[in-house]
Amino acid sequence: MEFKPEEFEKKWQEKWESLHLYRADDNSTAPRCFVVDMFPYPSGSSMHVGHPRGYVATDVYSRFKRMSGFNVLHPMGWDAFGLPAEETAILNKEYPTVTVNRNIDKFKLQLTMLGLGYDWSREINTTDPKYYIQTQRIFLEFFKRGLAQNKTVAVNWCPELGTVLANEDIVDGKSERGGYPVYQQPMRQWILAITQYADRLVDDLELLPHWPEKIKTAQRNWIGRSEGHEFEFVTTAGINVPVFTTRLETLPGATFLVLAPDSEITKKIIPSAANLAEIKNYIEISGQKTDLDKQLSNEKTGVIIEGVTATNSFSNTQIPIVIADYVLSSYGTGAIMAVPAHDERDAEMAQVLKLPVVTVVEADKMINAGSLSGETILEARQKVSKMINATSQKRFKIRDWVFSRQRFWGEPFPIVWVEGQDNYELIAKSPVGKWLPKEPVSYSNEAVEYFAVPVLPEFLSAMRLPQVESYQATGTLEGPLAGISEWVNTFINTETGEVSNESRGENWIPALRETNTMPQWAGSSWYWLRYMDPTNETAPFSKESSKYWGPVNVYAGADHAVAHLIYARFWHKMMQDAGMVDFPEPFERLEFLGYILAADGTKISKRKGNSRSPEDIVKEVGADAFRLYETFIGPFEKPIPWSDNGLIGCRRFLEKIWRLAETVIEAKAEVSDPAAASSINKTIQKVGQDIETFKFNTAVSSMMICLNEIQKSVVSIADFKSYLALLAPFAPHMAEEIWSMSKAEGSIHLSSWPKVDAKMINDNEVTVAIQINGKHRSNIMASRDADEATIRGLVLNDDAVKKYLAGSELKKFIYVPGKIVSLII
RNA sequence: GCCGCGGUGGCGGAAUUGGUAGACGCGCUGGACUUAAAAUCCAGUUGUGGCGACACAGUGCGGGUUCGAUUCCCGCCCGCGGCACCA
C-alpha cells in the first residue's frame with residue numbers, strides 16, 4: 001500500500017478532537033504538566049513556516065509527557081488587542097472583533113492542519129469581554145495598592161500612529177511599527193509602578209535555574225540595579241545639589257558638576273547664573289532633540305553656569321557647574337559629580353569645555369588624594385562615605401511603566417473620574433472605599449480637580465468597549481474613546497459604586513469614563529493563569545486551580561527576552577501579594593526559541609514575500625513530514641534559515657517506516673533479531689532524554705539511525721510498536737494510522753511511553769580505539785569490562801600496532817576502559 | 001562602546017565531566033532495476049598526493065597545557081542577538 005498521508009491526516013484530526021483526546025483533567029491524581037506557548041497575535045497575513053516551529057516542539061513535548069503518565073495541560077489562545085487589528089478594521093470599515101475573529105479562524109485552521117493537540121476547550125482570546133473584564137479586575141488590584149498612578153510625563157508621541165508608545169515599541173528612535181518619527185510630549189498617563197518591584201525582579205531570578213542564562217542577564221541589564229552613594233554639594237547659589245555615584249572614592253577627582261537640562265535642580269539654580277540667556281537657549285535646543293538625534297550624535301554639548309560654583313568638600317575647592325544633556329533627569333538625582341579622569345563621558349565633556357582632569361586612582365590604589373593616597377578603592381570609598389556623611393543608595397535603570405495608550409482597541413481602564421474632593425470622599429465611604437489607594441489619584445484641568453474612582457468588579461460590565469460607528473483616532477493627543485460622548489459621560493452611585501449612563505435619582509453623580517486604554521502587554525501579562533480556569537466569571541481564576549496547575553512547567557517562545565517576560569513576572573508578583581497565587585514565579589522553565597529566517601538569512605516578512613506557506617508544504621509532503629522537519633532542522637534555540645532541502649529526507653524516512661510496517665505486520669514475528677531489539681531499546685532511551693531536554697533534532701536523528709539498523713532485520717510486532725510510540729509525538733497521524741492497522745487498542749497517543757529493557761541492550765562488545773603518539777591508528781573489539789592486561793595483549797597483537805612498533809620501544813601504555821588505548825613510542 | 005551567544009565538509013547540523021571529528025539528513029558521483037524516466041535499492045562522498053594499501057593536513061587565526069584538545073587556558077579576527085550617554 002502506498003503512503004498517502006493526505007488520505008488519513010484529516011480523519012485523525014477530527015477523531016482526536018471528537019474524542020477530546022487532549023483535554024486536561026482538573027481533578028487528576030497523576031502528576032501534572034503545564035506547557036504553554038507564547039500565544040500568537042493573530043495577524044491578517046496568517047502563518048508562515050516559522051510560526052509552527054515552537055508549536056510543533058511543545059506539541060511533541062506534551063505528547064511525550066502525556067504518554068509518560070502526566071496529566072498534561074497544553075492550551076492555546078490569542079493575543080488579539082493592539083494596533084494592527086484596529087488599523088485593519090478602520091481600513092475595512094468593520095468592527096475590530098470581526099477582523100480578529102476572521103484571523104483567529106484562519107490561524108486555528110492552520111494549527112489544526114498540523115495535527116497540533118491543544119486542549120481547545122480552554123482557548124482564550126484577550127479581546128473577549130469575558131477575558132478582559134478579568135484583566136480590568138486585576139488592574140483594580142494594582143490600583144488598590146497604589147501601584148497604578150497618574151502622572152503627566154514626557155512620553156513618546158507618534159503623530160502618524162496617533163498614539164503614545166512605550167520605550168519597547170521604539171527602535172532606533174522610530175516607531176517599531178511603521179518606522180515613524182517619535183517626539184517627546186507631556187501628557188497625563190497611567191503608570192504602573194514596576195520600580196517598586198525592581199529589587200524582587202532581580203533577586204528572584206535566582207529562583208529560576210531552568211531559564212537560559214542569557215535571558216536572565218538581559219533582564220538584569222534592563223532592570224539595571226546599581227549600588228552607590230548619594231550626597232549633596234553646597235553651591236554659591238545657596239542651593240544644595242544632590243548627586244548619586246557608584247564611585248564615591250573618586251570624589252577627590254571631581255572637577256565639576258553636571259546637571260540635566262530638564263531637571264528640577266537646574267530650574268532652581270539658574271536664576272543665579274550670570275549667563276541666563278545662554279543657558280535657556282541650550283536647554284531649549286536640547287529639549288527639541290529626539291531620541292534619534294541623541295543616538296546619531298554622541299558628541300558632548302554643555303554650558304557652564306557662570307557666577308555659580310559648588311564646593312568639593314574633600315578637596316575644599318570651588319568647582320564649576322555645567323548643564324549638559326548627557327546627564328538624564330530621569331535617572332539618579334538628575335545631577336552628577338564629574339570625574340573626567342575616571343569616566344569616559346566626563347572626560348569628553350571636560351575636553352569640550354576645557355575643564356581640569358585630576359587622576360586619583362592608579363593601579364587600584366588612590367593617588368593625589370591627600371589622606372587617602374595609597375588606600376585601596378574600597379577602603380577609600382568607606383572613608384569618604386563617613387567623611388561627608390553619604391548615604392548608601394540603590395538605583396535602577398528600569399522606569400515606571402507607561403501603561404496607557406490613546407487607542408480604541410485595548411482594555412478600557414476600570415476607572416471613572418469624579419469632580420472635586422467632596423465627591424471623592426463621599427464615594428470613599430461606599431464599598432468602593434476598600435478599593436482606593438492611600439493616596440488619591442487625581443489631576444487638574446482648567447481649575448477643576450478630578451479624582452479617579454475604581455469601578456467595582458461587580459459593575460465592570462459598564463466598562464465594556466462601546467459598539468459604535470466610528471472609532472478613528474481623534475487626531476488630538478486623546479484617544480478615540482474621548483470622541484464618543486456616550487462613553488465619556490456617565491454617572492456613579494455614591495452609595496453602591498454602580499456606574500450607569502442613566503442617573504436614577506438620588507445618590508447618582510456625574511462621572512467621566514477614562515478614555516485611555518491599556519497596552520497590548522496587559523492581556524498577555526497573566527493569560528497562562530486563565531488557562532487553568534478559563535470559564536470563571538467571578539475571578540480571573542480560582543485559587544484552587546492555580547494551586548493545582550501552577551507554575552507553568554515549560555514556557556516556550558521566541559523574542560520578548562525583556563519586555564513581556566518582565567511584565568509577566570511583575571504582574572505575577574503583584575498577584576502573589578494580592579493572595580491570588582502562592583508561588584513567586586510564573587514560569588519554572590523557559591525554552592527560548594530561535595526564529596526561522598528566510599532562505600537569505602533575513603527576517604521573514606509578509607512585505608518581502610520571502611517565505612512559504614505551511615499549507616503548500618503539507619500538500620507536498622504531508623503534515624507529519626513537515627512536523628519532523630521543523631524539529632530536525634536544527635537546535636531549538638538557534639535561528640536557522642528555512643530551506644526546503646531537508647524536507648524530502650523526512651518524507652523518505654516516513655515512507656521507509658511505512659514499508660517496514662507492512663512487512664512487520666505481515667510477518668507476525670514473535671521475537672526480534674537481537675541486534676534490532678538492542679537498537680530499539682537504545683533508541684527508546686535516547687529519544688526520551690532528548691525530548692525532555694528539547695533536543696528534538698538529535699531525537700529525530702536517532703530514530704533515523706535506528707530505522708537504518710532495523711529495516712533489514714526481523715522485528716516483532718511488539719518491538720515495532722515501541723518504535724512507533726517513539727515516533728508518535730513527532731508524526732502523530734502516521735503513527736496512529738499504522739497503530740490502527742496493526743489492530744492495536746485505542747489511540748497510540750494515550751498509550752504508554754515504552755520502557756527501556758536494559759537486558760536487550762547488547763553493549764558488552766565495544767570498539768576500543770588505538771592511538772599511537774596521539775594519532776588514531778587502529779581499532780580492536782573488546783569486552784567492555786576487560787582488564788588492562790587483556791587489552792594490552794590484544795593491542796600488542798594487532799597487525800597495525802605491530803607495524804608501528806617494529807624497531808621502536810614502547811614507552812607508555814594508557815588504557816581508558818571501554819574507550820581508547822594510547823601508546824607512546 | 002557594553003553584555004550575551006556563536007564560527008566544524010558543497011549545505012542544515014552531530015560529537016564537549018578532554019578520548020575514533022564530520023553521526024543523521026540534503027546535495028553530488030558511480031552502479032543495479034527499467035525500452036526510457038521517476039521512484040527505489042547498493043556503493044562512495046573533509047582536503048591534498050597516490051591505481052592502490054596508505055601518507056600528510058584538518059573544527060575562524062596565533063600560542064599554551066596534555067599521552068590525547070572542536071572541548072580547557074592566554075591573545076586576536078569575524079558573524080549574530082540584546083542594550084545603549086543609567087553616573
Side-chain angles (χ1 to χ4, degrees), chain A residues 2 167 172 212-226 228 243-248 250 254 258 260 291 294-295 297-300 324-328 330-339 342-346 348-349 395-399 559 561-562 592 594-595 597 601 628-629 632-635 637-650 652-653 655-656 659 695 697-708 712 767-779 800 803 811-825:
Chain A
E2 217 180 316
N167 290 334
D172 293 335
E213 212 47 54
K214 76 179 229 192
I215 307 288
K216 289 192 276 185
T217 307
Q219 296 210 352
R220 282 189 195 100
N221 292 342
W222 180 267
I223 297 166
R225 178 163 70 187
S226 55
V243 301
F244 173 71
T245 178
T246 54
R247 298 286 310 274
L248 186 61
T250 62
V258 186
D291 285 355
K294 287 179 192 168
Q295 273 168 22
S297 160
N298 255 349
E299 267 169 48
K300 298 283 175 290
D325 60 11
Y326 78 94
V327 171
L328 309 175
S330 52
Y331 183 81
T333 61
I336 62 157
M337 66 174 202
V339 186
H342 304 292
D343 184 287
E344 220 174 286
R345 296 151 303 176
D346 296 344
E348 288 168 28
M349 188 78 263
R395 295 284 175 176
F396 299 89
K397 274 203 269 186
I398 194 171
R399 309 292 158 74
D559 224 326
V562 282
F592 198 71
Y595 272 120
L597 306 168
L628 267 171
Y629 185 55
F632 184 60
I633 191 166
E637 70 286 354
K638 201 187 155 189
I640 291 175
W642 177 264
S643 149
D644 284 355
N645 289 342
L647 262 177
I648 188 68
C650 292
R652 282 177 193 156
F653 169 59
E655 285 173 0
K656 283 189 217 169
R659 270 181 255 131
K695 290 179 178 169
N697 55 332
T698 51
V700 173
S701 147
S702 66
M703 288 189 288
M704 289 173 169
I705 293 169
C706 181
L707 181 68
N708 291 342
K712 291 287 155 58
T767 311
V768 175
I770 301 171
Q771 285 184 352
I772 296 172
N773 285 348
K775 280 192 164 65
H776 177 221
R777 294 300 185 185
S778 185
N779 295 322
K803 194 183 94 188
K811 294 190 184 128
K812 210 168 176 185
F813 184 95
I814 300 162
Y815 174 48
V816 183
K819 281 182 180 165
I820 202 162
V821 169
S822 191
L823 306 178
I824 312 303
I825 58 173

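Because the structure is predicted, anything quoted here is derived from the model rather than measured. Letters A, B, ... are given to chains in the order of the sequence lines, protein chains preceding strands, and every chain is numbered from 1.
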Whether [X] contacts [N] is assessed here as follows: a side-chain N or O lying under 4.0 Å from the phosphate OP1 or OP2. Is that the case?
| X | N | answer |
| --- | --- | --- |
| A/N697 | B/A14 | yes |
| A/S226 | B/A87 | yes |
| A/K638 | B/G13 | yes |
| A/R777 | B/C54 | no |
| A/K819 | B/A15 | no |
| A/K775 | B/G19 | no |
| A/R652 | B/C26 | yes |

Inter-nucleotide P distance (B/G47, B/A23), Å rounded: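 About 13 Å, rounded to a whole number of Å.
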Whole-angstrom distance between B/G12 and B/C2, as gauged at atom P: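 About 30 Å, rounded to a whole number of Å.
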Ignoring hydrogens and angles, are the base of [N] and the side chain of [X] linked by a donor-acceptor pair under 3.5 Å?
| X | N | value |
| --- | --- | --- |
| A/K397 | B/C83 | no |
| A/Q771 | B/G19 | yes |
| A/S822 | B/C67 | yes |

Quickly work out the [X] [atom1] to [N] [atom2] distance and round it to whole Å.
| X | N | atom1 | atom2 | answer |
| --- | --- | --- | --- | --- |
| A/I705 | B/A23 | CD1 | C1' | 5 Å |
| A/L328 | B/A84 | CG | C1' | 11 Å |
| A/I633 | B/A14 | CD1 | P | 12 Å |
| A/K656 | B/C24 | NZ | P | 10 Å |

Beyond-backbone contact of A/T250 with A/M337, side-chain heavy atoms, under 4.5 angstrom: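 Yes. Closest side-chain heavy atoms under 4.5 Å.
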Between A/D644 and A/Y629, a side-chain donor and acceptor under 3.5 Å: no
Approximate separation, where rounding is to 0.5 Å, of A/I824 CD1 and A/N773 CG: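 So the gap between those two atoms works out to 5.5 Å.
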Euclidean distance, A/M703 CE relative to A/L707 CG, rounded to 0.5 Å: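 The CG atom of A/L707 sits 10.5 Å away from the CE atom of A/M703.
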Other residues, nucleotides, ligands: >12 heavy atoms within 6.0 Å of A/K216 NZ: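 Enclosed.
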Strand partner of B/C61, provided both Watson-Crick or wobble distances fall under 3.5 Å: B/G75
